[in-house]
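Taking it in order: structure first as structure tokens, then the write-up.
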Protein chains: 2
Amino acid sequence: MVLLKSEGLNVAVVGVTGAVGTRMVQMLEGSPLPVKSLLPLASARSAGKSITFGEKSWTIEEAKPESFEHIDIALFSAGGSVSKQLAPEAAKRGAIVVDNTSAFRMDPQVPLVVPEVNEKALAQHHGIIANPNCSTIQMVAALEPIRQAYGLNRIIVSTYQAVSGAGAKAIAELEEQSRQVLDGKKPEAAIMPVKGDKKHFQMAFNAIPQIDLFQPNDYTFEEMKMINETKKIMDDQEIKVSATCVRVPVSISHGESVYIEIDQTDVSASDLKKLLADAPGVILQDDPAHQIYPMPASASGKKEVFVGRIRRDPDVSNGFHLWIVSDNLLKGAAWNSVQIAERLLKLGLVKF
Amino acid sequence: MVLLKSEGLNVAVVGVTGAVGTRMVQMLEGSPLPVKSLLPLASARSAGKSITFGEKSWTIEEAKPESFEHIDIALFSAGGSVSKQLAPEAAKRGAIVVDNTSAFRMDPQVPLVVPEVNEKALAQHHGIIANPNCSTIQMVAALEPIRQAYGLNRIIVSTYQAVSGAGAKAIAELEEQSRQVLDGKKPEAAIMPVKGDKKHFQMAFNAIPQIDLFQPNDYTFEEMKMINETKKIMDDQEIKVSATCVRVPVSISHGESVYIEIDQTDVSASDLKKLLADAPGVILQDDPAHQIYPMPASASGKKEVFVGRIRRDPDVSNGFHLWIVSDNLLKGAAWNSVQIAERLLKLGLVKF
């Protein structure tokens with residue numbers, strides 16, 4: 001149900017029943033955005049069900065091009081093919097799309113935005129704004145203050161990614177497999193590492209060095225997303241970025257072991273800590289003497305990016321390690337999308 | 001029970017009831033070493049129990065200095081304090097000690113040996129030979145052929161370490177916590193990340209960036225072991241090594257995301273693959289098109305080091321990624337110790 005414009009925004013959420021979609025609604029619920037109406041969209045299968053938002057019930061409709069008439073902001077998280085088909089339809093009808101899939105991220109016409117890093121890119125939008133990949137968002141949010149202060153010439157990242165990045169069914173598979181292994185049974189694998197790939201492997205009590213499909217250069221698509229998106233968001237093609245992405249048996253929140261080389265050589269780990277203690281959207285958790293460091297179990301359900309284990313390479317004066325953890329469904333997806341919507345309003349880029 | 005010398009070796013295993021000790025006996029069982037008698041040693045608590053080896057039953061005795069009279073080879077894996085106390089006593093009585101703890105690893109008088117890398121260092125022993133840290137062993141075994149062929153100037157490693165590195169009780173805790181989380185209960189933590197440290201955290205469905213105690217430089221002892229032991233084993237203090245060690249909810253086998261810079265710039269990933277396909281103790285599992293790569297679940301119970309995901313950094317011509325997995329209780333501990341014993345015999349350094 002879409003109300004006529006008067007004193008608030010008409011917001012659509014596409015893929016509202018998914019792991020990210022449900023959290024987009026939660027994030028809107030906690031946001032100061034003046035949402036007048038919510039249009040929950042999904043596949044035909046879920047149409048007719050309803051969700052609660054702002055103490056009202058809203059009926060889920062099947063997502064179609066016409067759904068976006070009178071919509072101001074459409075948050076998409078229903079897979080790349082849905083976005084490719086419907087995001088241009090929504091934009092054509094005047095909605096601003098914030099798309100959480102990889103469909104438009106590398107399109108030069110589409111801003112790829114992490115508000116703490118490149119909010120200014122929002123002004124260049126042509127109806128579609130892309131939400132970066134989850135593992136990229138938390139990394140650039142933590143590294144941008146360092147880049148601004150000391151220059152950044154190199155990033156080498158190894159990820160410890162939660163299964164929820166592959167959707168709610170992947171969480172269910174991890175749980176089911178965990179029970180099977182604990183009961184001494186052979187675990188059944190049908191989803192991980194990639195639902196659409198040929199082979200599936202046990203995820204419970206295992207680590208799988210494949211997230212998304214392999215590319216011709218033997219990097220996975222997830223790794224190439226981290227490499228290419230980081231350069232686009234930071235608007236610097238000269239930064240050397242390389243990545244290894246690994247799935248671990250964690251339900252929610254990605255960990256990242258990030259190695260950087262900064263331009264300056266006279267910077268200490270405590271300089272970096274001071275910088276990150278004041279960085280927007282970042283919480284410093286770095287006190288080894290008291291065993292304070294970020295972990296998925298403590299980051300889940302929170303909107304911030306948590307950073308710790310900051311220390312200098314013993315042999316390289318401009319090389320530093322950081323351990324970065326964030327909820328992949330929130331800052332990595334739903335919260336970053338709602339945060340973009342909030343910034344659009346603040347910057348006067350969406351009106352009602 | 002120790003037999004007099006005649007046609008075989010008298011071998012003692014200290015810490016025979018532990019996760020590594022039990023596997024030392026298994027590895028001896030499968031070894032061509034001519035073991036004439038096995039002396040299973042443990043704490044007073046286990047004395048009187050018996051184990052089976054070579055189709056005979058051997059009674060566990062309490063480890064004491066006198067235990068090592070007539071012992072040719074003593075494999076130690078009962079913790080650093082036991083080794084500090086008893087390894088010199090064993091050596092004094094003529095046994096060659098292969099010690100799996102960190103007690104003597106950095107002692108300049110003690111060879112630190114991975115047979116595939118520095119077998120020749122065995123000749124310098126003074127009664128004690130140190131078995132390196134599990135995470136170090138698998139890394140240097142995979143990197144040494146590359147270092148020999150192309151030179152190695154830099155290593156940056158992020159580990160994905162199994163809980164069995166913290167002993168059999170840590171595996172039990174992971175399993176119990178996993179059940180608690182799956183049943184919606186609050187998990188109880190008493191062991192991980194470090195039994196002797198102040199705080200304990202949930203390990204199930206989590207990743208903990210602390211293995212062993214923090215050092216004054218904010219690296220953990222595990223990370224410093226990887227840094228210092230790698231340089232000692234490779235006998236090259238010039239190699240730049242830095243490490244981040246993370247515990248993941250896996251029972252057995254460590255994963256490692258290893259980034260290296262070699263001396264030469266005209267080497268391809270396929271050159272490295274060819275080299276490792278023929279390397280001793282290494283199995284190349286690197287065929288992304290067929291989703292072939294190493295994983296803890298497939299490496300566990302095997303003696304080799306598995307390497308895959310080899311690829312060049314898109315921006316750095318001498319930079320490469322490798323994903324290295326091995327059973328931390330076998331090549332990382334029990335098998336490397338027994339393998340050292342086999343080499344001692346082959347090199348004529350132990351006689352009977």
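Naming convention: chains lettered A, B, ... in sequence-line order (proteins, then strands); numbering from 1 in each chain.
Sparse packing is recorded around NZ of A:Lys195, with 12 or fewer heavy atoms of other residues, nucleotides or ligands lying under 6.0 Å away. By the neighbour-count criterion of 12 heavy atoms within 6.0 Å, atom NZ of A:Lys169 is sparsely surrounded, having that number or fewer from other residues, nucleotides or ligands. Counting heavy atoms of neighbouring residues, nucleotides and ligands inside a 6.0 Å radius, atom NZ of A:Lys231 exceeds 12 of them. Sparse packing is recorded around CD of A:Glu188, with 12 or fewer heavy atoms of other residues, nucleotides or ligands lying under 6.0 Å away.
Contact count against chain B (heavy-atom pairs under 4.5 Å) is highest for A:Asp197 among A:Val163, A:Asp197, A:Val194, A:Ile208. Counting heavy-atom pairs closer than 4.5 Å to chain B, the top residue among A:Gln202, A:Lys198, A:Gln210 is A:Gln210. Of all the listed residues (B:Met295, B:Arg312, B:Gln215), the one sharing the greatest number of non-hydrogen pairs under 4.5 Å with chain A is B:Met295. Between chain A and the residues B:Leu213, B:Thr159, B:Ile310, the largest count of heavy-atom pairs under 4.5 Å involves B:Thr159. No other option in A:Asp313, A:Val325, A:Asn217 has as many heavy-atom pairs under 4.5 Å with chain B as A:Asp313. For the options B:Ser257, B:Gly255, B:Pro249, heavy-atom pairs under 4.5 Å to chain A are most numerous at B:Pro249. Here A:Val246 is the residue among A:Val316, A:Ile239, A:Val246 with the most heavy-atom pairs under 4.5 Å with chain B.
Between B:Val250 and A:Ala207, the shortest heavy-atom distance links the atoms CG2-N, 4.4 Å. The shortest heavy-atom contact between A:Val248 and B:Val248 is CG1-CG1, 4.2 Å. B:Asn206 approaches A:Pro296 most closely through the heavy-atom pair OD1-CD, 3.1 Å. Of all non-hydrogen atoms in B:Pro314 and A:Ile227, the two that sit nearest each other are CG-CD1, 4.0 Å. The nearest pair of heavy atoms linking A:Asp315 to B:Val241 is OD2-N, 3.1 Å.
Neither the backbone nor the side chain of B:Ser300 comes within less than 4.5 Å of any heavy atom of chain A. For a residue to count as touching a neighbouring chain, one of its non-hydrogen atoms must lie under 4.5 Å from one of that chain's; by this rule B:Ala269 does not touch chain A. Only the side chain of B:Phe214 comes within less than 4.5 Å of a heavy atom of chain A; its backbone N, CA, C and O stay farther away. Residue B:Gln237 does not touch chain A at all, counting heavy-atom pairs closer than 4.5 Å. Of the two parts of A:Pro216, neither the backbone nor the side chain holds a non-hydrogen atom closer than 4.5 Å to a non-hydrogen atom of chain B. Interface remark: A:Ala204 contributes no atoms to any contact with chain B (heavy atom separation under 4.5 Å). Residue contact with chain B, scored on non-hydrogen atoms closer than 4.5 Å, is absent for A:Glu176. At a 4.5 Å heavy-atom cutoff, the contact between A:Glu175 and chain B is made by backbone and side-chain atoms alike.
A donor-acceptor pair is defined here as one N or O able to donate and one able to accept, closer than 3.5 Å; no such pair exists between the side chain of A:Tyr259 and the backbone of B:Ser242. In this structure, B:Asp218 contributes its side chain and A:Arg311 its backbone to no donor-acceptor pair below 3.5 Å. Judged by distance alone, with hydrogens and angles left aside, the side-chain atoms of A:Arg309 form a donor-acceptor pair with the main-chain N or O of B:Pro209 at under 3.5 Å.
The interface of residues 283-293 of chain B with chain A, defined by heavy-atom distances below 4.5 Å, comprises B:Pro288, B:Ala289, B:His290, B:Gln291, B:Ile292, B:Tyr293.
Taken to the nearest 0.5 Å, the CG atom of A:Leu174 stands 8.0 Å off from the CG atom of B:Leu182. Between the NE2 atom of B:His321 and the OG1 atom of A:Thr244 there is a distance of 4.5 Å, given to the nearest 0.5 Å.
Salt bridge annotation for B:Arg154-A:Glu261: present, with a cationic side-chain nitrogen under 4.0 angstrom from a carboxylate oxygen.
Contact of the A:Ser298 side chain with the B:Phe201 side chain is not registered, since no non-hydrogen atoms from C-beta on lie closer than 4.5 Å. Considering only heavy atoms from C-beta on, B:Ser178 stays 4.5 Å or farther from A:Ser178 through its side chain.
B:Tyr160 is linked by a ring-ring contact (aromatic ring centres under 6.0 Å, His included) to A:Tyr160, B:Trp323, counting only residues two or more places apart in sequence or in another chain.
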